[in-house]
Amino acid sequence: MGDVMEDLSSITPTNECEEHVFIAARHMLKALGASKNVSNDLRRLLADVDIHLSRRTNITETVLDGTREVEERLKLAQEKVMRWESNRSMIWASGHEEASEYLQAVYEIQRLMESLRSSPSSSSGKQKELLDRAHSVLQMAMERLELELLHILAQNKQSFEPEYVSFRSCEEDFVSDVSIVSTEDESIGDTSRRDSSGTESENHIVDLVHPDIISYIKSIANVMFASHYDQEFCHAFTNFWKDALDEYFFTLGIDKLSIEGLLKMEWNCLNCKINKWIRAVKFIIRVYLAGEKRLFDQVLGEFGSVYSTCFVEASKGSMLCMLNFGEAMAIGTRRPEKLFKLLDMYEVLADLLQDVDSLFSSEIGSFIRTEFHELLMKLGDTVRATFMEFGHEVALYPSTNPCNRGVVHPLTKYVMNYINVIVEYASSLNLLLGGVQDGAELVPFDQNISLDNFCPLAHHLRSLMSYLEHNLDKKSRLYKDSSLKHIFMMNNLYYMVQKVRVSKLVTLVGGEWIREYTAKFQNHATNYERGTWKPVLSLLMDDENKTRKSILKERYRSFNISFEEVYKNQTGWFIPDTELRKDLQISISQKVIHAYRTFIGKNSSVIDEKHIKYTADELENFLFDLFEGSPMRLHSIHKR
Amino acid sequence: MRATDNQGSFLNRISIRRNQVVSMDGNHEQELEDLELFQKHVADRFSDLLLPKPSSAGDSPSGADALLSIAWFRKLLDAFLCCEAEFKAVLVMGRDPAQFAKAPLDRLIPELLDRAVKALDVCNAITHGVEMLRQWKKLAQIAVTALEQRPIGEGQVRRAKKALTTLLTSMAFDEKESHHGKSTDRNCSFGRRGVAAANKDKTAGNCRLLSWNFAKSWSASKQIQAMSSNLIVPRGGEPTGLALPVYVMSTVLVFVMWALVAAIPCQERTGLPTHFPVPRQLGWAQPVIGLQEKIGEEWKKKEKKGTCGLLEEIQRMEKLSQGLVEFADGFQFPAETDDVAAMVAELAAICENMEEGLVPLQQQVREVFHRIVRSRAEVLDVLDQVGKLSTPVPY
């Protein structure tokens with residue numbers, strides 16, 4: 001092959017027409033030299049060229065001056081073109097030979113037109129007429145080629161099944177429908193937010209058409225460009241893909257909604273749309289558009305910048321449509337339940353930033369690039385504002401009725417589970433919250449811990465939890481019984497500590513925080529014991545004076561009544577955490593039983609066995625009924 | 001003054017001034033002055049748009065910034081951006097946020113925000129419409145390329161005719177069926193071919209230049225109606241002077257959106273109001289009313305025949321395309337081409353004009369979009385402050 005190439009390149013074309021053939025031939029040889037193997041199709045095509053050559057040798061060798069000869073050749077080419085005008089079947093669908101013959105005919109017309117134009121007698125009537133005829137035939141052929149192109153594209157457009165994109169159905173997930181008011185369960189925390197499905201499809205570029213037919217499309221592009229019908233080709237090609245992308249949106253379940261419509265939409269419904277949007281954006285930008293750009297490059301790459309212009313034209317409308325959805329989300333209300341979805345959107349866009357920059361790297365694509373960057377920034381702002389708004393809500397969440405039985409408040413659960421999810425987005429949030437005032441003016445929170453070592457998010461989370469603590473403190477004041485207030489605080493603070501301890505939060509807010517809050521809930525436990533049991537146990541305390549029998553008996557009776565009263569009350573209170581409950585029960589029991597035994601032992605002369613209402617063991621067992629959440633009465637069960 | 005400069009956040013300034021107690025009288029005087037200036041500037045800017053200053057060269061009726069031309073719209077959007085910046089200064093700067101919670105602003109501000117959201121959707125529809133104009137320009141350009149060749153033969157004529165027929169079909173389609181969204185079965189230029197009939201579903205894509213960007217039910221004319229329906233002239237004795245600037249700005253916004261919808265292909269325009277009431281006695285309103293009457297007249301004239309939009313370039317493009325198709329229909333080789341040459345030259349000039357003007361116009365529409373978003377956010381921030389002020393702070 002190399003020899004042939006050298007041979008050819010050393011020959012100088014003798015006229016303009018020949019020059020074209022030379023350029024084409026050189027180009028072909030170069031391409032052949034570069035490609036390793038020659039497919040059968042190509043072989044056939046080359047053979048075809050060979051046939052043409054042998055048929056034409058005589059003609060190309062002589063200089064084209066005879067108008068008659070031009071007319072003959074034009075007639076031949078015209079016949080080939082006209083033959084398909086009355087034919088219902090498509091050329092490219094009828095086989096390679098048909099297609100290449102057709103292309104040859106078109107190139108022949110081009111050659112003839114060139115020679116007619118350059119011929120010295122081009123102003124003669126006959127020449128003009130021939131040129132006009134050639135133009136007509138060429139126009140006919142171009143219309144036909146455009147049709148063929150669209151047919152090929154439509155027939156070979158690859159479809160991407162929705163499952164290929166692996167859409168998760170639109171279940172409402174976790175925080176989405178939970179407003180701050182109504183979280184009774186703990187469903188927030190254990191949802192892993194990122195599902196890994198679909199990663200395999202994200203990392204490779206798809207073929208928008210079957211790879212085999214790219215050469216067909218290219219052959220049409222080449223001949224249309226060579227005939228100066230590049231505008232028609234680009235128009236048809238670009239619009240085809242514009243429509244295809246449009247339809248694909250539809251397949252992906254992306255509705256075209258107005259911003260007004262989106263702003264008015266119910267959160268559940270919107271949430272569902274966001275999920276779809278996130279998947280669609282990722283797939284369309286990373287996979288689909290990357291494939292589209294490659295196709296445009298393959299087909300139009302050699303014609304210069306036109307390929308990127310066409311690509312931007314074909315994708316701009318849909319990109320804007322996608323971005324507008326983001327705009328709508330960025331200007332929507334800043335409800336806490338939206339935070340994670342906003343973060344998801346933010347992260348997906350941040351992740352795609354480089355892809356977009358390279359897809360739309362051209363000058364004409366800068367419009368999309370800028371829009372994309374701006375949207376990312378806006379979403380970041382909205383995330384930040386939503387996060388701050390959440391802190392505000394936590395601090396100001398109103399307290400109306402005290403929490404029944406002193407249990408963990410729904411707000412505590414919501415906030416802690418919420419924070420647990422927030423941690424998943426630590427890197428984004430650290431970026432977004434850096435340098436933001438944490439709103440410490442809202443609640444004066446403990447400044448005795450140095451915060452310098454913490455990342456912005458940790459800083460904000462600590463404030464958030466201190467808002468929560470202050471709000472809980474406010475709520476605890478609703479209890480009339482100060483002991484129950486302590487149980488409530490203990491339960492809630494303990495819950496917070498546990499939530500931090502078992503999650504990634506621990507590394508973020510640190511052991512110091514855990515120690516601080518552990519001390520806090522323990523303090524409440526101590527205060528509880530002091531509040532409830534100190535007065536009760538004081539009845540069993542020794543007097544300095546020798547106590548009179550009647551007073552001792554009276555004290556014992558009072559103790560029993562007080563104990564029964566506490567029992568009646570506090571069996572109804574509830575410490576949900578078994579461990580915490582046991583700890584407190586044991587702590588109480590140690591103090592109470594010890595005091596009781598001492599009292600009974602010391603005063604056995606006064607209070608003999610028949611006066612003893614409860615044995616120490618019985619009393620100890622009763623203590624283990626406390627904080628179980630079901631109120632009981634002692635005298636009723638003690639009737640034996 | 002270019003309108004593109006970043007306005008920054010007015011919020012910062014508000015929060016600084018938030019707690020300052022300004023004496024009511026001094027403040028009031030300043031306020032009245034600002035208000036007066038704002039109205040004067042609105043009047044000036046719209047007067048310029050109504051009667052463009054004669055440029056050095058003799059102005060032809062279809063001069064560079066003729067009414068409803070691309071250049072005119074670019075001036076209009078610039079004027080909008082300037083008015084908007086000034087309005088925001090009047091509304092938000094140095095303002096005690098508590099005023100927003102009092103009548104009449106407690107009603108006017110939500111209406112303003114609602115109008116803003118509607119305007120965003122109109123901007124999007126227009127961005128989309130400009131994209132369609134660019135498509136039309138490309139088709140016209142094909143015809144120009146074909147007919148600029150000499151001699152003009154049947155091939156060139158057919159080529160031009162094909163492009164222009166597609167163009168005119170798209171223009172007519174836009175008017176008649178635009179709201180039928182997904183319909184692809186259009187009368188396209190391949191219709192006469194047997195082969196096309198067999199492949200209609202596949203080839204129709206070529207004729208369908210663009211589908212609309214919203215759900216079928218969305219209608220530009222309804223948006224405009226909704227935006228203008230609650231435009232009520234403030235009564236004289238409003239407690240704060242702010243009702244008036246809100247009204248002025250809303251009128252400007254509605255006017256700009258209305259003009260855009262009338263001029264640029266847009267989803268569902270039937271029933272577009274030809275005017276909305278603006279009281280004549282207000283000084284700034286005169287040029288707005290003048291423009292409204294002119295455009296309204298145009299719309300009334302064109303609406304009956306069906307129009308692809310009042311944009312001056314498109315009107316001429318349509319007429320020239322029809323003329324050239326007529327020429328093509330009666331074409332016999334060899335033909336007298338002098339008339340055609342003039343038409344082609346004009347079409348070529350329009351194409352060039354569009355090539356230069358449409359992308360900047362589109363970007364400007366987008367800028368208006370972003371500006372409205374930003375202003376809305378700033379007003380919301382103020383409302384947010386009001387909300388927080390009214391909540392008793394517990395600590």
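Just so we're on the same page: letters track the sequence lines, and every chain starts at 1.
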Gap between atom [atom2] of [Y] and atom [atom1] of [X] - 0.5 Å precision:
X	Y	atom1	atom2	answer
B:Arg159	A:His135	CZ	NE2	9.5 Å
A:Glu313	B:Arg134	CD	CZ	4.0 Å
A:Leu320	B:Asn124	CG	CG	7.5 Å
A:Thr370	B:Gln363	OG1	CD	8.0 Å
B:Gln156	A:Leu138	CD	CG	9.5 Å
B:Leu120	A:Glu260	CG	CD	9.5 Å

**Request:** Tell me, with the steps shown, if A:Glu327 and B:Phe369 meet side-chain contact (heavy atoms from CB on, under 4.5 Å).
**Result:** CA-CA 10 Å; A:Glu327 295 281 350; B:Phe369 176 95; 3.8 Å; yes
Is chain B contacted by the side chain of [X], its backbone, both, or neither, given a heavy-atom distance below 4.5 Å?
X	value
A:Phe249	neither
A:Ile364	side chain
A:Lys316	side chain
A:Ile259	both

**Prompt:** Are A:Glu232 and B:Lys162 close enough, and set up right, to give a salt bridge (Lys or Arg N to Asp or Glu O under 4.0 Å), and what steps lead you there?
**Reply:** CA-CA 10 Å; A:Glu232 275 93 340; B:Lys162 176 174 178 283; 6.0 Å; no
**Asked** How about A:Glu363: does its CD atom have over 12 heavy atoms from other parts shown lying under 6.0 Å from it?
**Response** no
**Message:** What part of B:Gln141 gets within 4.5 angstrom of chain A, counting heavy atoms only: side chain, backbone, both, or neither?
**Reply:** both
**Prompt:** Is it the backbone or the side chain of B:Thr127 that comes under 4.5 Å from a heavy atom of chain A, or both, or neither?
**Reply:** side chain
[X] to [Y] - nearest heavy-atom pair and separation:
X	Y	result
B:Gly155	A:Ser136	N-OG, 3.3 Å
B:Glu154	A:Asp132	N-OD1, 2.7 Å
B:Thr145	A:Gln231	OG1-NE2, 2.8 Å

**Request:** Begin with the C-alpha distance, continue with both residues' side-chain angles, and end with the deciding distance and a verdict on side-chain contact (heavy atoms from CB on, under 4.5 Å) for B:Val373 and A:Lys378.
**Result:** CA-CA 10 Å; B:Val373 166; A:Lys378 278 191 205 168; 4.0 Å; yes
**Message:** Any salt bridge linking A:Glu374 with B:Arg366? Criterion: basic side-chain nitrogen under 4.0 Å from a carboxylate oxygen.
**Reply:**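 Not counted as a salt bridge, because no side-chain N and carboxylate O are separated by less than 4.0 Å.
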**SB check B:Arg158 A:Glu143 (cutoff 4.0 Å)** =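 Salt bridge flag = yes for A:Glu143 with B:Arg158.
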**Item:** Worked verdict on B:Asp381 versus A:Arg334 for salt bridge (Lys or Arg N to Asp or Glu O under 4.0 Å)
**Value:** CA-CA 11 Å; B:Asp381 276 339; A:Arg334 295 156 183 182; 3.7 Å; yes
**Message:** Go through it in stages, so that I can follow the logic: the residues are A:Lys242 and B:Gln135, the test is side-chain contact (heavy atoms from CB on, under 4.5 Å), and I'd like the CA-CA distance, side-chain angles, deciding distance and then a yes or no.
**Reply:** CA-CA 12 Å; A:Lys242 191 184 282 186; B:Gln135 297 288 318; 2.9 Å; yes
